[in-house]
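Before any comments, here is the structure.
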Number of protein chains: 2
Amino acid sequence: MDWGGEKTGSTLDMGKRGVKITINDIAKLANVSKSTISRVINNSGPVSEETKRAVVDAMNTLDYHPNEIARSLSLKRTHTIGVIVQDIRNPYYANASWYAERYFRDFNYNSIICNADNDPTVEESFLRAMKFRNVDGILLVGVQEEAGRLLSFNTSNDIPLVMVDREISGSEIFSVVLDNVYGGQLVVDYLFSSGHRRIAFVTSGFTQAERDRLEGYIAAHRNRNMQIDPSFIITQSEEMWHRGECPELMKLLRRKDRPTALFASNDYKALQMLKLLRRSSIDVPEEVSIVGYDDIESSSIIYPSLTTVHQPIDKMIDQGARMLLDIVRGGQPEDRKVIMRPWLVERESTSHI
Amino acid sequence: MDWGGEKTGSTLDMGKRGVKITINDIAKLANVSKSTISRVINNSGPVSEETKRAVVDAMNTLDYHPNEIARSLSLKRTHTIGVIVQDIRNPYYANASWYAERYFRDFNYNSIICNADNDPTVEESFLRAMKFRNVDGILLVGVQEEAGRLLSFNTSNDIPLVMVDREISGSEIFSVVLDNVYGGQLVVDYLFSSGHRRIAFVTSGFTQAERDRLEGYIAAHRNRNMQIDPSFIITQSEEMWHRGECPELMKLLRRKDRPTALFASNDYKALQMLKLLRRSSIDVPEEVSIVGYDDIESSSIIYPSLTTVHQPIDKMIDQGARMLLDIVRGGQPEDRKVIMRPWLVERESTSHI
DNA sequence: CTTTCAACTGGAACCGGTTCCACCTAAGTA
DNA sequence: TACTTAGGTGGAACCGGTTCCAGTTGAAAG
């Protein structure tokens, strides 16, 4: 909780009404030079026990805390991490960003959290802004960046960068990813084993992750030699999803050979679909089963609670954040790429047929 | 989106591989002194058109962006706002913090967002930490601070401070609040007019807001000369709510004269109750009506969707953030206290009887 | 009793900006 | 012609730290 510096007295009334204590005040009181104070604070050079004691005493009596700004200026590091999140309206990422913030704060780093809003342009401008803000490192969470731009940013630049929940295939960029193809297969295999044969996939196809889940969906069909009706793959813009509409899905559901199960590329879309089906008086899971992906908090709160794929986003953030801080501090993480596997959480939105 | 500084070229590859351009480079290239460059950047002194042009040219060719850290050091302002939020696990506040962040960024301020986690001690330590981080101002969102400490912090200190969704009565602290007593009455009046006579109030009683809503609940009863059964007021710790249990409520619901309506002091608790009732197979709203307070996003997504009191948190944040920036920039907001009124949103979790 | 070396310490430059003050120049005024 | 005066500019100090370098000291080694 404490962001660095010594523990202080218990009153909030410090610093004698706005007058800031500087290293010079301590130097004067302890009768030593600035250099020595600095050495004591940073443990960066020999100081006799005696003077050290005097300095610490002086710091305590004046309740001194080094000015981080000045320190940043000479050290050229700001103790700040930039976190760029794909879409903060998606609770999964909202959650992720909070994990990240907490993690960094535990290690005495501030976070600047930015919402890329699914827009590569916005993303690029944040990337640039962060550079000028002198962040020590950047964590890209679920961000969709065209490979080229990001690579040029990264290679031309010395700002450490780690991607979580996304990667740029073939690149050397540090990343923590989930096996989304595997996850997609997981869902379809589960539905198959529950007796479903007509399974639709509903997505915006916007991110690589979503495309990978689709690939898993296709692979699972292929493994069982099942045909896929192309009209069972519904792609529609994020904007439409935010508006809560999906005409194509509604059309599909009016067919007599409609799907018995719907697989949404993420929980957000699954929840929207749930709303749509309720509006059309189609019972879930009695008439149609729904599976999501992400396991956001709402998924377990709503009724029917959502069968979904759980991604250990907290663990992933932990991993990514650890890697990033490693690099920031001059180390080298063992792995450039960590791949984690999601698992299925069975709830009420699916049924056997 | 742009955090200050000029528009730049379109490639992310800037600054010649990590070599930072400083004001001295510009001075050299434009053949003028640092002072003049500074005057051009800040428009803070007379510069001839001719030299100004030369300086701007130089800045463009080298793609120069002033170092914010150095600027902060001499100007003693960091363009950073501290935002302390009561409880980030509560989506209502999660939302609020995002509005705040967005607002400040639009005005070129960074935000440091901290979760007080319902703990005054944590809160105090953040307050202190922010002081040492040299934030330009602090926005307290729904934070529960013992009056004394905060006042001493505020008076001893020159950091501008604005409270949103909470206040310290009798103090001069800038604040934007909702009329929670009014809101509490609103709910009870609505339930009365729907025919309900046995209405329970369920809370943690932790915040002043919740206590005010209770006061409204009581006032509405008094206005109609109705007795309140003391066992209809259920108070239980936040921790228990996070765990999703409420034994006292379950006991109350087993009585034959059980309440016909439950009024939760916020949506989070309402959602937890919904889950509890579902587990006990009590139908909402057929058997028991539920009303929440806050109108968080999930309230409209879940089934049954929640009748609740909508608080224009976005507008409140706007107000509070505007006030704060006003003060930060040396101005004086017209009002020290802005009081806003919530309104009721009728959905599916309540019925007439 | 010198020499050597390590421990300790202070001075000054530096990080990259801002700002006060002094100076110069050219135009306006007495 | 001499005297203001305002516009335009550079120099230097300053913000509050870090760090290199050189100097002092005291004890151990020769």
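Letters A, B, ... mirror the listed sequences (proteins, then strands); counts begin at 1.
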For a quick check of understanding: with a heavy-atom distance under 4.0 Å over all strands, which category does [X] fall into, base, sugar-phosphate or nothing?
| X | answer |
| --- | --- |
| B/Thr22 | sugar-phosphate |
| B/Asn24 | nothing |
| A/Lys76 | sugar-phosphate |
| B/Ser72 | nothing |
| A/Ser35 | base |
| A/Leu73 | base |
| A/Ser48 | sugar-phosphate |
| A/Asn31 | sugar-phosphate |

| request: For B/Thr36 and for B/Ile69, find the nucleotide of DNA chain C with the closest heavy atom, then tell me which residue's nucleotide is more 5'. | output: B/Ile69

| field | is_close_aromatic(B/Tyr103, B/Tyr99), centroid dist under 6.0 Å | value | no

| note | When rounded to the nearest 0.5 Å, the distance separating CH2 of B/Trp98 from CZ of B/Arg102 is 11.0 Å

| So how far is it from A/Phe104 CZ to A/Leu139 CG, rounded to the nearest 0.5 Å? | 4.5 Å

| message | With a 4.0 Å cutoff (strictly under), does any side-chain N or O of B/Arg71 reach OP1 or OP2 of C/dT18? | response | yes

| query | Would you say B/Ser38 reaches C/dT18's phosphate, i.e. side-chain N/O to OP1/OP2 under 4.0 Å? | reply | yes

| Under a 4.0 Å N-O cut-off, is there an ion pair linking A/Arg71 with A/Glu68? | yes

